[in-house]
Student: 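Quick one: structure below, then a few questions.
All of these numbers come straight from a predicted model, not from anything done at the bench. Side chains included, hydrogens not; waters and symmetry mates left out as well; all remaining heavy atoms used. Sequence lines set the chain letters: A, B, ... in the order given, protein chains first and strands last, and positions in each chain run from 1.
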Protein chains: 2
Amino acid sequence: MSGISRAVTKRFSSTITIKPTPSKTHLHQPLPSSSFPSGYLLTGVHAGVKKKAEVLDVGIILSTSKRPTSAAACFTRNAFKAAPVLVCEQVLAENIGKARAIVVNSGCANAVTGKQGMEDAWAMVKETDALLEPLTSDTGVHDTLVMSTGVIGQNLPISKIIASIRSQQRDQKTRSLGSDFNSWERAAKAFMTTDTFPKLRSRVFTINGVEYRMAGMDKGAGMIHPDMGPPSIGSLHATLLGAILTDAAVSPRSLQRALTYAVERSFNSISVDGEMSTNDTILLLANGAAAERAGINVQEIDEETNPSGYELFRQELTEFAIDLAKLVVRDGEGATKFVTVTVKGASTYQDAHKVASRISTSALVKTALYGEDANWGRVLSATGAAPLSAPLHPDRVSVTFVPSDGSTPLPVLVNGEPENVDEERASEILRLEDFEILVDLGGGDDAEVARYYTCDFSYEYVRINGDYRS
Amino acid sequence: MSGISRAVTKRFSSTITIKPTPSKTHLHQPLPSSSFPSGYLLTGVHAGVKKKAEVLDVGIILSTSKRPTSAAACFTRNAFKAAPVLVCEQVLAENIGKARAIVVNSGCANAVTGKQGMEDAWAMVKETDALLEPLTSDTGVHDTLVMSTGVIGQNLPISKIIASIRSQQRDQKTRSLGSDFNSWERAAKAFMTTDTFPKLRSRVFTINGVEYRMAGMDKGAGMIHPDMGPPSIGSLHATLLGAILTDAAVSPRSLQRALTYAVERSFNSISVDGEMSTNDTILLLANGAAAERAGINVQEIDEETNPSGYELFRQELTEFAIDLAKLVVRDGEGATKFVTVTVKGASTYQDAHKVASRISTSALVKTALYGEDANWGRVLSATGAAPLSAPLHPDRVSVTFVPSDGSTPLPVLVNGEPENVDEERASEILRLEDFEILVDLGGGDDAEVARYYTCDFSYEYVRINGDYRS
């Protein structure tokens with residue numbers, strides 16, 4: 001059977017109904033300065049990577065604590081790692097889990113940029129190192145981690161970026177580094193590409209009687225977005241970046257273990273369209289400045305020497321990372337639903353996570369959510385397609401739709417048998433903006449429950465990509 | 001951060017532009033009776049599973065050859081297997097790779113139907129066995145394979161189906177079993193659910209001087225479709241079913257090995273939305289009737305005793321299965337593109353297949369295709385996310401867009417470096433209905449090339465699911 005090759009040129013119009021996207025203004029509110037970790041200076045500036053004047057596109061975060069700052073990172077598992085990712089890996093390896101600064105640019109991903117891309121990423125690191133003096137390591141290693149997001153396949157306008165970093169030198173009138181809400185917000189804005197609001201959160205917690213603070217920002221949007229550069233040069237796509245800062249003192253190895261644990265349950269538990277990008281990076285700095293604030297000597301949190309303190313820290317970090325990650329889902333273009341997919345009763349946490357991931361990223365499930373359809377058949381298909389460590393028992397699987405308003409959950413499948421469902425009630429739950437799909441695989445409660453966060457697949461998704469040329 | 005729970009009730013209108021779907025009439029043409037394999041009787045009838053009068057919903061295929069008929073099958077890997085799948089597995093196991101008949105119904109998948117579902121599937125088998133007398137095995141095993149497709153979670157209207165099978169008994173005036181094109185077409189129509197045309201193909205080939213014929217039908221559509229029953233009872237989703245019949249004589253074990261090989265390169269190499277369903281089944285019967293037609297004694301094709309004959313048969317079967325599978329892609333609702341994704345230079349065929357699959361099923365890539373965007377960045381991301389047996393070398397990867405009209409291919413990425421692409425030319429190729437995306441992983445030509453067939457992600461996809469309630 002041969003293909004028919006012809007240009008499709010005719011177009012015609014049709015009227016359709018689009019559901020409005022829920023308002024997002026409540027997701028970005030001012031935060032009290034007393035909730036921000038001590039010992040950090042931040043800013044966001046307009047370097048000119050993005051064309052539009054005044055739009056912030058370079059962000060700088062410095063740790064000014066006298067103590068060494070531990071650093072941890074999680075990177076994309078994509079085989080094509082962007083230059084900034086490769087440079088970060090090297091900096092952390094040489095500096096054995098320490099770093100004092102983060103520099104980020106948006107508007108250009110510095111990915112698939114060859115040798116020049118690597119040189120440019122190192123240049124950003126060195127220029128930011130210079131801002132840290134006299135706090136930089138004297139061992140000759142670098143202290144800065146770098147992130148980029150934006151168009152792939154284009155080189156950075158590196159001279160503009162270098163100029164903007166130099167504008168933050170101590171002796172410059174243009175220096176805008178600060179520690180108030182406005183400074184944190186400017187840094188968060190510099191991350192943004194397709195995001196519709198800067199994603200910034202803070203948190204205060206206590207361990208062993210000492211108060212610690214954590215704040216962070218991330219970027220990413222739950223749906224893909226149109227290309228912003230000429231198509232065949234390269235394209236933008238939903239990179240996930242995050243920077244979390246705390247004034248707790250944590251050993252490098254425990255910081256990394258805690259971050260890996262937290263990322264699995266947060267940034268790796270959200271449905272964003274498409275694959276893990278070439279640039280995905282989550283960074284975490286812990287500078288121990290809480291001790292300075294408290295005026296006391298605080299021992300570093302470490303899993304070996306203080307297991308209960310470590311577990312409390314890891315728990316706080318995980319909940320915080322989940323909060324940040326959820327913002328990405330809520331910012332899905334055109335998304336009208338925020339759905340939590342909970343999987344219990346698996347053999348292992350990894351199995352539960354695989355099932356939750358499969359359900360949450362299934363196009364069939366996501367369009368059903370958009371159509372407000374309590375569609376357990378598609379949830380089941382996705383469940384049954386996940387490659388698990390132990391076989392599923394179809395006659396032990398139950399699916400329940402759980403409303404977020406506290407009213408009675410609705411079982412639709414119980415131990416493999418479909419229920420006679422009250423259609424009215426199903427529609428009621430599915431019309432809510434927030435609800436939960438609870439899947440019990442029937443294997444008991446030994447394994448940790450997995451929670452995944454997803455949004456619906458909307459018409460906007462395709463319209464943007466299909467019609468942007470018209 | 002708490003969720004906001006409120007019903008989203010306001011709707012508003014907006015005008016958008018939809019591209020027309022290419023015509024499909026050329027995909028269904030009459031086939032010459034001389035191309036159909038000997039020794040088969042077929043029909044399609046209206047039992048009443050589907051509500052609409054006269055719509056065919058039960059299909060029957062009988063092998064009337066005097067020789068035993070070898071049978072092979074490939075089934076869904078989903079953990080939730082529908083009753084007909086479980087019954088087929090049992091029939092083939094008991095009958096050690098032989099079967100003489102296939103019965104199929106559309107309109108109801110007989111999935112998630114418990115004990116009753118199993119009883120109903122066995123009833124369909126027994127009633128069809130009765131049509132075979134006196135050719136049925138006298139060893140007490142069953143001779144019929146059963147398939148179902150349609151709504152999940154609802155029981156079959158089994159009495160209607162039984163009545164329709166009995167209507168084909170020898171002594172019935174209603175008997176419509178035949179061997180002409182019309183009979184084959186009726187059977188193919190009985191498979192259809194969301195298909196817009198019956199998918200039927202035939203093929204003639206020669207091995208060792210003997211002419212053989214092969215014909216078959218499949219069903220499935222490249223895009224998902226709206227639910228056809230009340231939503232929470234269950235839903236329809238894109239099940240892939242296929243039945244291939246040949247008059248070659250092939251040993252059961254070689255038939256199974258050939259089918260597994262062919263399915264990997266055909267039905268497992270097409271992008272259909274969503275997961276493998278609860279019902280996916282491909283069946284293959286080989287009844288040896290070509291010998292009767294030729295009036296000669298022909299030895300059974302077997303990999304051990306006749307390796308070259310086996311390889312030729314396997315090749316013909318694979319090409320035929322690819323033809324049938326491509327029809328499913330071309331029938332994607334609203335799809336405007338037919339794209340072949342070719343991956344060469346991998347370490348193994350399995351790696352090449354994984355990369356091709358990742359690219360072909362990526363929502364990011366598919367919407368780019370709809371937008372006629374030569375987007376190598378998304379192709380690259382999908383490539384880099386596939387879990388391979390050997391690591392990728394980013395600086396050895398090349399991506400080329402190949403037009404189907406014989407004009408010059410367009411390289412967009414060569415050995416990891418982006419090309420300066422002629423935008424006009426890129427648009428020209430992407431405006432064609434058919435083209436190829438060629439990815440070379442740079443590992444040389446030792447491994448077999450993988451070819452995957454996909455269509456674009458269109459607005460229709462979401463509109464159908466999002467608006468079906470309005």
Student: Heavy-atom distances under 4.5 Å only: say whether V397(B) touches chain A with side chain, backbone, both or neither.
Tutor: side chain
Student: I need the residue from L430(B), L380(B), T340(B), L410(B) with the largest number of non-hydrogen atom pairs under 4.5 Å to chain A.
Tutor: L380(B)
Student: Please identify, among I322(B), V112(B), L392(B), D395(B), the residue contributing the most non-hydrogen atom pairs under 4.5 Å to chain A.
Tutor: V112(B)
Student: Of all heavy-atom pairs between T278(A) and S381(B), which one has the smallest distance, and what is that distance?
Tutor: N-OG, 4.2 Å
Student: With sequence neighbours left out, write down each residue that passes salt bridge (Lys or Arg N to Asp or Glu O under 4.0 Å) with E319(B), or none if nothing qualifies.
Tutor: R203(B)
Student: With only heavy atoms counted, which part of L413(B) is less than 4.5 Å from chain A, the side chain, the backbone, both or neither?
Tutor: side chain
Student: Sequence neighbours left out, what passes salt bridge (Lys or Arg N to Asp or Glu O under 4.0 Å) with E436(B)? Give chain and number order.
Tutor: none
Student: For P418(B) and G153(A), which heavy atoms make the closest approach, and how far apart are they?
Tutor: CG-O, 4.0 Å
